[in-house]
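A short worksheet on the structure shown next.
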2 protein chains.
Amino acid sequence: MKNFKLVLLFGSLLAVLAVLLQFFEYKYFIGRLDTSVYTSVVATVFTVVGVWVGMNILKSEKEVPTPAPIIVNNIVAPTNEINEENLKNLNLNDREYEILQLIAKGYSNKEIAQTLFLAIPTIKTHTSNLYSKLEVRSRTQAVHRARELEVL
Amino acid sequence: MKNFKLVLLFGSLLAVLAVLLQFFEYKYFIGRLDTSVYTSVVATVFTVVGVWVGMNILKSEKEVPTPAPIIVNNIVAPTNEINEENLKNLNLNDREYEILQLIAKGYSNKEIAQTLFLAIPTIKTHTSNLYSKLEVRSRTQAVHRARELEVL
DNA sequence: GTGGAAATCATACTTTTGGATGAGAGGGAA
DNA sequence: TTCCCTCTCATCCAAAAGTATGATTTCCAC
């Protein structure tokens, strides 16, 4: 249940907002604020929240789209196509593969942790396991090996 | 999209709760229903809009660095070609480029030093300068950047 | 020959990685 | 329910990487 926290986070946030909503409404009826101002505030706040939620939804589960191989005149272009068989044989779990991709993009452990909403020790555990499976001892080696195996 | 449903479910639940809350309040403040419902609708709509916007922001962000495949005579050229112009603009000297290649192969500083018959501090100096020119701060970032620029 | 640029190496320091090990929480199967 | 597996997080330690600064050598141009 890796998303449990995420969902909980969203939920808490929404709950807080609901309370805020009530509060603002209260102020509205006491202080007689301008309706348009009130509406604007609500709309803005919820838009911002929505943007944040939307980005996090996508970020948390963007599975890597396997690019379709480009074939022209029966010639398959080497478009960094993923070798599914090698990838399968590596037996990487979702987290490991996810982290591998971030490593390949030059992310530090700290950045990976922030991106995936995980603690740094967790990242280290995953990277260690990843290195075992790839039979390497460092992130640059991991990237190199992954490219050799055409899984990136 | 397995989490999407979850989040959606949770969101819906909260929305329902919010509505119930509004209704409950209505019992005690007749005439307030109009604004309450209105507010809920506004909040919901703008949250949805926000989510949509957020997801689209990320989606558009993702499709940046896809280099256009080179097509000559209807044959897609292998994209592993080195972009000589970029390489030239980087202004790397021989050592730096040499070291960049070794880094990309997963070599440690020690291994690079042994390979090139240099001292480790020398390697560090070169890598530092290399990072400056590539505008990065680590070897994995350097490799990533170099691939972006097609100089590897 | 002198100035200056480039390459080499050093020293000292901080940050990041990697390795080893254990523990706790949650989900799924018997 | 209980057991097991996966994912998560923690701590401690060692190694590697990165930063900053300066010294030296070489070599080329003036």
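Chain naming here is simple, since letters A, B, ... match the order of the sequence lines and numbering starts at 1 in each. Worth saying up front: this structure is predicted, and the values here are computed from it rather than measured. Values reported hereafter were calculated over all heavy atoms of this structure, with side chains retained and with hydrogens, waters and symmetry mates removed.
Within residues 90-101 of chain B, the residues approached by DNA chain C to less than 4.0 Å at the level of any non-hydrogen atom are B:Asn93, B:Arg95, in residue-number order.
Results of the side chain to side chain donor-acceptor pair (under 3.5 Å) test with B:Asn109 over B:His126, B:Arg139, B:Gln114 single out B:Arg139 as the only residue that passes. Here the rule is side-chain contact (heavy atoms from CB on, under 4.5 Å) with B:Lys133, and of B:Asn89, B:Leu92, B:Leu100 only B:Leu92 fits it.
For B:Ser138, the side-chain atoms get nearest to D:dG18 when compared with the rest of C:dA10, D:dG18, C:dT16. Checking C:dT16, D:dA10, C:dG18 against the side-chain heavy atoms of A:Arg139 singles out C:dG18 as nearest. Considering only side-chain atoms of A:Tyr131, the nucleotide from D:dA16, D:dT8, C:dG19 that sits closest is C:dG19. Residue B:Pro121 places its side chain closer to C:dA10 than to any other of C:dA10, D:dT8, D:dT11. Closest to the A:Ser128 side chain, of the nucleotides C:dA10, D:dA17, C:dG19, is C:dG19.
A distance of 6.5 Å separates OG1 of B:Thr127 from CD1 of B:Ile99, quoted to the nearest 0.5 Å. For the atom pair CD of B:Glu96 and OG1 of B:Thr125, the computed distance is 10.5 Å after rounding to the nearest 0.5 Å. Expressed to the nearest 0.5 Å, how far CD1 of A:Ile123 lies from CD of A:Glu111 amounts to 11.5 Å. Here CD of B:Glu85 is found 11.5 Å from CG of B:Leu149. Values are rounded to the nearest 0.5 Å. Atom CD of A:Gln141 sits about 8.0 Å away from atom OG of B:Ser108, to the nearest 0.5 Å. To the nearest 0.5 angstrom, A:Tyr131 atom OH is 4.0 Å from A:Ile103 atom CD1.
Within the 4.5 Å cutoff, no side-chain heavy atoms of B:Leu130 are placed close to those of B:Arg95. Contact of the B:Tyr107 side chain with the A:Thr140 side chain is not registered, since no non-hydrogen atoms from C-beta on lie closer than 4.5 Å.
Counting only distance, with no hydrogens or angles, the side chain of B:Lys105 and the backbone of A:His144 share no donor-acceptor pair below 3.5 Å. No donor-acceptor pair under 3.5 Å is formed between the side chain of A:Glu135 and the backbone N or O of A:Ser132.
When the side-chain nitrogen and oxygen atoms of B:Arg137 are compared with OP1 and OP2 of C:dT15, none of them lie within a distance under 4.0 Å. Note on A:Asn109: every side-chain N or O is 4.0 Å or more away from OP1 and OP2 of C:dT16.
Distance, A:Leu130 CG to D:dC7 C1': 15 Å, rounded to whole Å. Separating the OH atom of A:Tyr107 from the P atom of D:dA17 is a distance of 22 Å, rounded to the nearest angstrom. The interatomic distance linking A:Leu116 (CG) with D:dT8 (C1') rounds to 13 Å, in whole Å. Across the protein-nucleic acid pair, B:Gln141 atom CD and D:dT19 atom C1' stand 15 Å apart, rounded to whole Å. Taking atom CD1 of residue A:Ile112 and atom P of nucleotide C:dT16, one finds them 13 Å apart after rounding to whole Å. Between A:Phe117 atom CZ and D:dC9 atom C1' there is a gap of 17 Å when expressed in whole angstrom units. Distance, B:Asn129 CG to C:dA6 P: 10 Å, rounded to whole Å. If you measure from atom NZ of A:Lys110 to atom C1' of C:dT16, you get 10 Å, rounded to the nearest angstrom.
B:Thr122 comes within contact range of at least one nucleobase, with a heavy-atom separation under 4.0 Å. Contact annotation for A:Ile120: no contact, since no heavy-atom pair falls under 4.0 Å across all strands.
In the helix from C:dG1-D:dC30 to C:dA30-D:dT1, the terminal helix axes, each the rotation mapping four pairs' C1' atoms onto the next four within five end pairs, subtend 40°, rounded to 10°.
Mapping B:His126 and A:Lys124 onto DNA chain C by nearest heavy atom places B:His126 closer to the 5' end of the strand.
Below the 3.5 angstrom threshold, one finds no donor paired with an acceptor across the side chain of A:Thr125 and the base of D:dC7.
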ask   = Can you check side chain to side chain contact (heavy atoms under 4.5 Å, CB included) on B:Thr115 and B:Leu102, steps first, answer last?
value = CA-CA 9 Å; B:Thr115 302; B:Leu102 294 180; 4.2 Å; yes
Protein-nucleotides 25-29 of chain D N/O pairs under 3.5 Å:
none

